[in-house]
2 protein chains.
Amino acid sequence: MVTIYDIAKKANVSAMTVSRVINNTGRISEKTRAKVKRVMDELGYVPNQMARSLVLQQTHLLFLLITDITNPFYTTLARGAEDAAQKHGFRLLFGNSDEKLAKERDYIDTILKTRADGVLVAPAGDASLPHLEALRKHGVPFVLLDREVPGVDSDIVLGDSKEGAHRLVKHLADMGHRHIALINGSLTASTARYRLEGYREALKLYDLEYAEENVLETSFEPRNDLTEIEHWLDRLRPEVTAIIAGNNVLAVEVIRTLSARGRRVPDDMSIACFDEWAAYAEIDPFLTVISQQAYQFGYLGMQLLIDRIRDGEAAGPWKKIVLPSQLIVRRSVRRLGAEG
Amino acid sequence: MVTIYDIAKKANVSAMTVSRVINNTGRISEKTRAKVKRVMDELGYVPNQMARSLVLQQTHLLFLLITDITNPFYTTLARGAEDAAQKHGFRLLFGNSDEKLAKERDYIDTILKTRADGVLVAPAGDASLPHLEALRKHGVPFVLLDREVPGVDSDIVLGDSKEGAHRLVKHLADMGHRHIALINGSLTASTARYRLEGYREALKLYDLEYAEENVLETSFEPRNDLTEIEHWLDRLRPEVTAIIAGNNVLAVEVIRTLSARGRRVPDDMSIACFDEWAAYAEIDPFLTVISQQAYQFGYLGMQLLIDRIRDGEAAGPWKKIVLPSQLIVRRSVRRLGAEG
DNA sequence: TACTTTAGAGTTATCGGTAACACAAATTGA
DNA sequence: TCAATTTGTGTTACCGATAACTCTAAAGTA
């Protein structure tokens, strides 16, 4: 590997002079600069970031940690974060925790070891607390995305999950559904808690029945084994005509499970959920959803992060951005007559 | 930031002893080890990866560079790569080039500067050549995914694009379509070239007409502005009843464009394409596709990469894995009667 | 008992850069 | 003309870790 010393030797200057050329610092004669540059090109020199970061104490690297790289919500968010990072001249790397704390811990570990300048985190859940505390302790600025973590104060970008759940229940009620079930992610995720809360409040508000067996707490990430969902569907009160899914992945899995046993959506069961299935939804408008501004989650979150990196304390008190969502009515909810 | 020297001082040992505890090397008495460990925990010590990599000359970091993080084909591939990396105890970071050479260059730059141990690359196109040459020159092992780059010899995992295009044309012909258009990615991507080639060969084979205006070469990544596609649809020979899209993104965009002007799929136009829309396709089986084993692209590619990192030259001659694809017939292609 | 081996440490040099300071030659100013 | 600047470049120390070597005391051996 070519080092600054190889360049120095070949160009008949000191290493420091080469360093000055690379960084465009200090005074250098045009002649020397040209000579050094030529040698650098000849030898195909690439600065060693490790050595550089070691002495500079900063890497100029940012990380984005998401919980499900196959979920369009997060990949759209990632594009937003990427665009904002690029706008400010930062490099962004992605990690995928798969909703698993162990994987998240590994990434946090990598991030700490790599001494990243900052991190955008969609946390796996409340148990992410120690991971975030580690970041804080080591002075790595971070911004939370999509989920709160009790005990952590930080900049954060959220959607209004409670309001969203409210709107979904209202829509289903408006469509004539009186018995509405909920399949949710783990309650260790704040989004799941708020969605459950919104669901229960709205049921009460619209005078709809709440039944424990109509609510399933499982996990947001895709699973191979659908038996848990199957069993839940079996236990469901027979009057149930509509299901709210805590996210897009759950909605898809419920529909798969239903259709595997010959039950069709929306004819035999209505479904509505949180989050879009990105571009695909446009060509085949099937799922009725609460659409969140995924791109903005990433874009605004990245801006908060960069502000925090640039200004530190001076960026002021923690900022909390709550992004509004939107109900998009499509075909997966059936209108029920008086008989429903 | 806590360093090895802080630990050493507090534990009343030398830095080297601490290093030995961290890495479990050399001889250390249980008493000393325990003492050092306790101090490390107390101070919340995290090794500085920069300093470590600098002296060890290896980072234990792997990169995956994909061209479109919002495309389920690549995110599924990413999950495969991740699983394989984890199985072998490597850390994996992601980058997204967005099909843009400049972004790809930046990532390659980051990768070189970071002195990654290896890279999995889905190249933006033939012009990625210098990027790959840079990796080669600096001794960073890499494996190509999905696309060949003329002039580059390396391990590679590919789909059989020509065969796929062939099968799509055959299917459409079998369904009664005689005039089939093709919207394709940039021919600077080998997949686009092979798909075009397969398309033309198959047209000839099944005695179908080829017309230049029925073929559009554009780009694989999503666009905001659909006018190019619009204009192309306008220029299309009126006899055209079916369109093959070079990938899933193009298919979605064609359908959007058509539907914006009130033309429906498959009633007014049939569509078939390469690549799935992951989970969503299962709940709403709409697009007829050539399905590629995205997960395997990543999983097998990562295995090739790790073999190469571990064994270097000893891993033998370059390996080329060609993964078979599968035609999945759904609703986006209409069967034409004699009148079609 | 005296010599060798081994366990359990510490010392020093180094990885590839950069900051801070030093210094000679060229230029400026009174 | 000579001191004061300025310009261009080199020297040294250090960032935080590890490899290779050294050293001492205890244990083993003939």
Side-chain angles (χ1 to χ4, degrees), chain A residues 1-37 39-40 43-61 109-117 138-140, chain B residues 1-37 39-40 43-61 109-117 138-140:
Chain A
M1 196 63 64
V2 182
T3 75
I4 210 170
Y5 297 99
D6 301 326
I7 311 286
K9 193 184 240 175
K10 190 149 184 192
N12 258 316
V13 295
S14 73
M16 201 52 222
T17 301
V18 178
S19 173
R20 290 193 179 102
V21 172
I22 294 169
N23 298 293
N24 239 329
T25 53
R27 300 182 230 278
I28 301 220
S29 73
E30 262 321 308
K31 218 176 83 187
T32 317
R33 181 192 307 280
K35 185 173 58 177
V36 170
K37 277 202 164 154
V39 176
M40 276 170 43
L43 268 53
Y45 171 73
V46 175
N48 185 322
Q49 184 65 37
M50 261 98 215
R52 213 143 178 275
S53 305
L54 191 57
V55 57
L56 291 180
Q57 300 285 21
Q58 56 148 327
T59 55
H60 223 67
L61 272 184
D109 210 49
T110 300
I111 288 166
L112 287 174
K113 283 187 182 162
T114 313
R115 302 292 195 263
D117 286 354
H138 292 280
V140 182
Chain B
M1 196 62 65
V2 181
T3 73
I4 209 169
Y5 297 99
D6 301 327
I7 310 287
K9 193 185 243 176
K10 191 149 184 194
N12 259 315
V13 296
S14 73
M16 201 51 222
T17 301
V18 178
S19 173
R20 288 193 180 105
V21 172
I22 295 169
N23 297 293
N24 240 327
T25 53
R27 301 186 228 277
I28 301 216
S29 73
E30 262 321 307
K31 217 176 84 185
T32 316
R33 179 192 309 277
K35 185 173 58 179
V36 170
K37 277 203 164 154
V39 176
M40 277 171 43
L43 269 53
Y45 170 74
V46 175
N48 185 322
Q49 185 63 40
M50 260 98 214
R52 220 145 172 271
S53 304
L54 192 56
V55 55
L56 291 180
Q57 300 284 20
Q58 57 148 328
T59 56
H60 224 67
L61 273 184
D109 211 50
T110 300
I111 288 166
L112 286 174
K113 282 186 180 162
T114 312
R115 304 289 195 263
D117 286 354
H138 292 280
V140 182

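Proteins come first, then strands; the chains are lettered A, B, ... in the order of their sequence lines, and each starts at number 1.
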Checklist line | B:Lys35 atom NZ: more than 12 heavy-atom contacts under 6.0 Å | finding: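 Check passes, neighbour count above 12.
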Below 4.5 Å, heavy atoms only, C-beta onward: do [X] and [Y] meet side chain to side chain?
| X | Y | answer |
| --- | --- | --- |
| A:Ile22 | A:Ile7 | no |
| A:Val36 | A:Arg20 | no |
| B:Met1 | A:His138 | yes |

Classify the nucleic acid contact of [X] as base, sugar-phosphate or nothing, counting any heavy atom under 4.0 Å across all strands shown.
| X | value |
| --- | --- |
| A:Val18 | nothing |
| A:Ser29 | sugar-phosphate |
| A:Thr32 | sugar-phosphate |

Margin query: With a 3.5 Å cut-off and heavy atoms only, can you find an N or O donor on one side and an acceptor on the other between the side chain of A:Arg20 and the base of D:dG10?
Written below: yes
Checklist line | Sidechain N-carboxylate O distance under 4.0 Å for B:Lys10, B:Asp6 | finding: no
Next item on the list: I would like to know whether B:Thr3 and B:Asn48 meet side-chain contact (heavy atoms from CB on, under 4.5 Å); could you show each step before the answer?
Entry: CA-CA 8 Å; B:Thr3 73; B:Asn48 185 322; over 6 Å; no
Nearest-angstrom distance from the residue atom [atom1] of [X] to [atom2] of [N]:
| X | N | atom1 | atom2 | result |
| --- | --- | --- | --- | --- |
| A:Lys9 | D:dG10 | NZ | P | 15 Å |
| B:Met16 | D:dA20 | CE | C1' | 9 Å |
| B:Tyr5 | D:dC15 | OH | P | 8 Å |
| A:Gln58 | D:dC15 | CD | P | 17 Å |
| A:Arg27 | D:dT5 | CZ | C1' | 10 Å |

Next item on the list: To the nearest 0.5 angstrom, please state how far the OG atom of B:Ser53 sits from the CG atom of A:Leu54.
Entry: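 One finds 10.0 Å between OG of B:Ser53 and CG of A:Leu54.
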Check: Closer than 4.0 Å, any side-chain N/O of B:Thr3 to the OP1 or OP2 of D:dG16?
Finding: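 Indeed not, no polar side-chain atom of B:Thr3 lies that close.
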Next item on the list: Can you sort out which residues in residues 43-57 of chain A have a heavy atom within less than 4.0 Å of DNA chain D? Ascending by number, please.
Entry: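 Output list: A:Leu54, A:Val55, A:Gln57.
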Notebook entry, point to check: Are the side chain of A:Thr32 and the backbone N or O of A:Ile28 linked by a donor-acceptor pair below 3.5 Å?
Noted result: no
Item checked: Steps toward side-chain contact (heavy atoms from CB on, under 4.5 Å) verdict (B:Arg52, B:Asn23) -> CA-CA 11 Å; B:Arg52 220 145 172 271; B:Asn23 297 293; 2.5 Å; yes
Margin query: Below 4.0 Å from chain B heavy atoms, what is the first contacting nucleotide of DNA chain C and what is the last?
Written below: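 Span of nucleotides near chain B: C:dA7 to C:dG16.
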